[in-house]
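As the structure is a computational prediction, the values presented were derived from the model and not from experiment. Quick note on labels: first sequence line is chain A, next is B, and so on, each numbered from 1.
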Amino acid sequence: MVQPAKTLQEATIRELIAGHAGPDRVPKRFKIITDTSDFFKVEYNDVVVLGGVPYWVHRCEKEGRFGIDDEPKYWVRRAIELTTGATKILKLVFHEQFETTVGEVTITCYRSPKKEARILDLVANHGNFMHGHWVLDAAGNNVRILEFIHGPRFDDVVTGYGTDHYDYFHRYFPQILDQYLELVLAIKFLHDNGEKHGDIRRDHILWDVDTKTNRWIDFDYNYQQGEALFGFDMQGLGNLLIFVAGRGDVLVPDLYHNQREIFDTLWGEDLSIAYKNRVANLKKIYPYIPDSLNQALLHFSVGANIFYETTDQLLDDLARARADMVSLTGRQA
Amino acid sequence: MNEHDFGDLARRDTERHLLAAVDESANSKRAVMFLADFFSDSQNVFVTLLSIIPEPSEDFFPTEAERRPWLQAKEAEMQKHLTGYKEILLGAGFSDARIATRLSIRPGTISVGDAILEEQEKLRCCIVVVGRRGISHSEEFVFGSTSSKILHHAKHCAVMVVE
């Protein structure tokens, strides 16, 4: 007897799940989804079929940010590609537009699946980005199917090095600086190709333990730029530089409570232009920081008179800082 | 006249051709009023009122169907402002023959400052006039400043920044 197509497909999918996870794990009931327009309807154990490939859906991915509890991203689902058994991340279409504030500046940001899909194609052979491909589902939604990256966040790696800042800076920072430079070069690659990352944050870099590289993730945001086409990206790179040079954020309230003598030396111009509770002029805190590095940091401070417009300008200055770090520590990386 | 043909706008080098780069802002209006006040009696001064519309990235619109009306609305709005600015110049005594308006839609991958300087070069204007918004330090850091860009990168012309 000929079975209806859907039954056949469901039977095949049940076999695939059993083959992957064992017969006991095959769910009694699950939906087979080809139209992901309403991503809230995609539930645990459902199977999303994209480009003829079934993906067995597991949990939502989460986003932790600055102490706020992890928020589930319902449009980002971890899934098993049933034809290979590989873990994938499915990013479903979620159009979102919002305004974000950096300092006192309001920036209109929007989430664009098209942009992320385009960049996935662009960076397919670039080791410093997440990889994946995209498929239009039955309703024409651009679903991105991402390879799962095994490894910790870059910022967690950085703060884990050294017993204190002095130890970190002299023993580990040269290699962290090299990694940072590699990450800036990756952003330069985007800019040179007319693209922006759009959401440069320290928790958007993962250390891939398999390839031993840092990889930028989550580039579906875009923003309405002004005269400086890459200003928001540059500001993100600046925040990251301050973070890696300081082995974390140096917060004004902490200095006020714990190191009043240093707090008393600070001026408003020493603070980060983006986050006024963070110190950018780190040489006031850590006097052994080379001038060349500190000069680069000061481009991201309230007191800055000129700003980096391009990654090339930043890279030029950091080449000098890197040479000074080698002289200071005797370490190449 | 079209985007690539400037034949009817390009003035001879001997003429005093001002390029006033304007948008919908109050500082643009101030710049035009300054021009009206300062140059209306100079019969050999020709003014091109230029407005650049930076086209948002295709990513900004979920569909092409939403993109087109946005651009049309923006174009209509700017055309209205250009007409208003022209009326200010006419009211101050400029003759119609001494004023041209030009609206250019440019890809968002080119900065407005660069687009203005490109037009200045093609039109061979001897002065570029812009208003200045007086943006904050932080704002300049994230967005950049069109007037600063023009001040720093203009070649073979004078730059007038009206506050």
More than 12 heavy atoms from other groups under 6.0 Å of [atom1] on [X]:
X        : atom1 : result
A:Tyr74  : OH    : no
A:Phe189 : CZ    : yes
A:Trp267 : CH2   : no
B:Met33  : CE    : no
B:Lys86  : NZ    : yes

### Query
Non-hydrogen atoms of chain B under 4.5 Å away: do they reach the side chain of A:Ile107, the backbone, both or neither?
both
### Message
B:Glu118: which residues meet the side chain to side chain donor-acceptor pair (under 3.5 Å) condition with it, sequence neighbours left out?
### Response
B:Arg106
### Message
Show the nearest heavy-atom pair for residues A:Gln225 and B:Phe143, with the distance to one decimal.
### Response
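Looking at all heavy atoms of both residues, the shortest contact is C-CD2, 4.3 Å.
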#### Entry: Heavy-atom closest contact (A:Asn222 atom, B:Asp59 atom, distance)
ND2-OD2, 2.9 Å
### Value rounded to 0.5 Å, distance of CD in A:Glu309 from NZ in B:Lys149
5.5 Å
### Task
Among the options A:Tyr223, A:Phe307, A:Phe300, A:Phe232, pick out the one with the most heavy-atom pairs lying under 4.5 Å from chain B.
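So the answer, after comparing A:Tyr223, A:Phe307, A:Phe300, A:Phe232, is A:Phe307.
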#### Entry: Option that, when pairs with chain B are counted at under 4.5 Å, heavy atom only, ranks first among A:Pro113, A:Ala304, A:Gly194
A:Ala304
### Message
Does either side chain, that of B:Ser145 or that of A:Glu227, offer a donor lying less than 3.5 Å from an acceptor on the other one?
### Response
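No, no side-chain donor-acceptor contact under 3.5 Å.
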